[in-house]
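Remarks on the structure that follows.
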Amino acid sequence: MMSHFLKESNWDLVIDASSLCSLQCPKCIRNNIKKVPGETLTVDRFKKLIKYFNRSITFSGQISDPVMNPHLLTFLKILHEENILSGIHTASSYRNLDWYEIAYNNNLKTRWVFGLDGLPNESHLYRKKQDGYKIFEAMKLGASKGMQIIWQYIVFKYNENHIEESKQLAKDYDITFELNISSRWDGPDDPLIPSNKLYVKK
């Protein structure tokens, strides 16, 4: 792995760059909020932020999705020019592959983490309104450029038997596979909870 790649422990600032997301994931905190707070981060405000946080920044997908910010391409270019390490957590399939081509070329050192919970044809069973095929093509594109691309795979009942197949698929395209075990369950009868209790965090 190249030395310029960003590790989670090195992030100085973690931010939500907007209040928007194109997905409707059942376990997301957005479902418990009547009105998601916040606004779209502007270029001027971003430039002010990096005066103080000038080592590393990640765009979080905790309550929004970074790709929904219309200025993200500009942010990536600025971070490259200022030699600031960057990471992006995303699951939205809102953008097309031409957009990803520009995003990657604007900053080839950015670490991208994609939420794709299962094989491309099944991830939408949790990530409502997600186009898993488009997400996977975006992952492949980044990996083909030698970028650090992470496949974040949350284990659910519908995908627990496809883990090894997904690992091999990631390996085939030089994508790093990251298995995540969740604790966000609505009791033992939750239809999404894995049958194998090794994949259920208490």
Side-chain angles (χ1 to χ4, degrees), residues 6 8 10-117 123-124 126-139 141-142 147-154 178 180 182 184:
L6 179 64
E8 298 254 3
N10 289 335
W11 288 348
D12 282 341
L13 179 65
V14 178
I15 56 176
D16 269 88
S18 80
S19 60
L20 305 175
C21 185
S22 64
L23 305 182
Q24 294 179 344
C25 307
K27 309 295 183 184
C28 181
I29 191 173
R30 294 175 65 91
N31 296 324
N32 298 319
I33 301 174
K34 290 183 179 180
K35 179 177 170 60
V36 178
E39 57 189 39
T40 299
L41 180 64
T42 65
V43 174
D44 285 343
R45 287 186 177 180
F46 182 71
K47 287 179 177 179
K48 290 177 182 178
L49 278 174
I50 63 173
K51 288 181 180 180
Y52 301 96
F53 300 94
N54 57 9
R55 188 167 70 109
S56 54
I57 290 177
T58 183
F59 298 95
S60 170
Q62 187 64 31
I63 200 169
S64 68
D65 197 290
V67 305
M68 303 299 290
N69 186 300
H71 310 298
L72 186 60
L73 296 179
T74 302
F75 296 160
L76 290 171
K77 191 172 183 180
I78 292 171
L79 290 168
H80 172 69
E81 292 170 349
E82 297 295 330
N83 199 31
I84 299 173
L85 293 175
S86 55
I88 293 177
H89 285 244
T90 180
S92 172
S93 49
Y94 179 73
R95 301 293 183 181
N96 60 33
L97 289 180
D98 290 338
W99 184 92
Y100 281 101
E101 179 77 31
I102 298 169
Y104 294 153
N105 290 337
N106 278 2
N107 195 333
L108 290 167
K109 295 181 180 181
T110 299
R111 174 183 187 267
W112 287 75
V113 180
F114 287 89
L116 187 70
D117 304 318
S123 183
H124 69 278
Y126 174 68
R127 304 275 183 182
K128 305 297 184 183
K129 297 187 177 182
Q130 183 191 66
D131 183 341
Y133 293 104
K134 186 192 291 187
I135 290 290
F136 192 67
E137 288 302 314
M139 292 163 65
L141 178 62
M147 300 180 67
Q148 188 181 23
I149 304 295
I150 312 295
W151 180 349
Q152 188 180 75
Y153 185 116
I154 301 175
E178 180 184 286
N180 283 14
S182 179
R184 295 183 184 179

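Below, all heavy atoms of this structure are taken into account, side chains as well, without hydrogens, waters or symmetry copies.
In this pair, Phe59 and Phe75 present their aromatic rings parallel. The plane angle is below 30°, not in the 30 to 60° band. Using bins of under 30°, 30° to 60° and over 60° for the plane-to-plane angle, the ring pair Phe114/Trp112 lands in the parallel bin.
Using modelled atom types, no side-chain atom of Thr90 and backbone atom of Asp65 make a donor-acceptor pair closer than 3.5 Å. A donor-acceptor pair under 3.5 Å is absent between the side-chain atoms of Arg30 and the main chain of Cys25, judged by distance alone. No side-chain donor-acceptor contact under 3.5 Å links Asp12 to the backbone of Asn54. In this structure, the side chain of Ser56 does not engage the main chain of Leu85 through any donor-acceptor pair within 3.5 Å. For the pair Trp151 (side chain) and Leu116 (backbone), a donor-acceptor distance under 3.5 Å is present. Looking only at distances, a side-chain donor or acceptor of Ser64 sits under 3.5 Å from a matching main-chain atom of Ser18.
Looking only at side-chain heavy atoms (C-beta outward), Arg95 and Ile102 stay at 4.5 Å or farther from each other. Under the 4.5 Å side-chain criterion, counting only non-hydrogen atoms from C-beta, Leu20 is not in contact with Tyr94. In this structure, Glu101 and Leu97 have side chains that are not in contact, with every pair of non-hydrogen atoms separated by 4.5 Å or more. For the pair Glu39 and Arg45, the minimum side-chain heavy-atom distance is below 4.5 Å. Within the 4.5 Å cutoff, the side chain of Ile135 has no heavy atoms near those of the Ser123 side chain. Counting heavy atoms from C-beta outward, Tyr100 and Val67 have side chains that approach closer than 4.5 Å.
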Under the side chain to side chain contact (heavy atoms under 4.5 Å, CB included) rule, what do Met68 and Ser22 come out as? Steps first, then yes or no, please. CA-CA 8 Å; Met68 303 299 290; Ser22 64; 4.2 Å; yes

Please walk me through it: do Thr40 and Asn69 pass side-chain hydrogen bond (donor to acceptor under 3.5 Å, both in side chains)? CA-CA 6 Å; Thr40 299; Asn69 186 300; 5.3 Å; no

Please evaluate residues Ser60 and His89 with respect to the criterion side chain to side chain contact (heavy atoms under 4.5 Å, CB included), reporting the C-alpha separation (whole Å), side-chain torsions for both, the decisive distance (0.1 Å), and the verdict. CA-CA 5 Å; Ser60 170; His89 285 244; 5.5 Å; no

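Rounded to the nearest 0.5 Å, atoms NE2 (His124) and CD (Gln130) are 9.5 Å apart. Interatomic distance, CG of Leu13 versus OH of Tyr52, reported as 13.0 Å (0.5 Å rounding). To the nearest 0.5 Å, atoms CD1 (Ile149) and CE (Met139) are separated by 7.5 Å. Rounded to the nearest 0.5 angstrom, Lys129 NZ and Cys21 SG are separated by 10.0 Å. We find the CG-OH distance between Leu76 and Tyr104 to be 10.5 Å, quoted to the nearest 0.5 Å. Remark: Ile63 CD1 to Ile33 CD1 distance equals 3.5 Å, nearest 0.5 Å.
Taking each heavy atom of Pro66 and Leu72 in turn, the nearest pair found is O-CD2, 3.6 Å. Residues Ile88 and Thr58 approach most closely at N-OG1, 4.0 Å, considering heavy atoms. Shown here for Gly115 and Ala91, the closest heavy-atom pair between the two residues is O-CB, 3.6 Å. Closest approach of Met147 and Leu108 over heavy atoms only: CG-O, 3.4 Å. Residues Arg127 and Asp117 share a closest heavy-atom pair of NE-OD2, 2.7 Å. When all heavy atoms of Asn106 and His80 are compared, the closest pair comes out as O-CB, 3.4 Å.
Counting heavy atoms of neighbouring residues, nucleotides and ligands inside a 6.0 Å radius, atom NZ of Lys27 exceeds 12 of them. When the shell of 6.0 Å around CD of Gln62 is examined, it contains 12 or fewer heavy atoms from other residues, nucleotides or ligands. More than 12 heavy-atom neighbours from other residues, nucleotides or ligands sit within 6.0 angstrom of CG on Asn31.
When each of Thr42, Leu79, Val43 is tested with Thr74 by the rule side-chain contact (heavy atoms from CB on, under 4.5 Å), just one qualifies, namely Val43.
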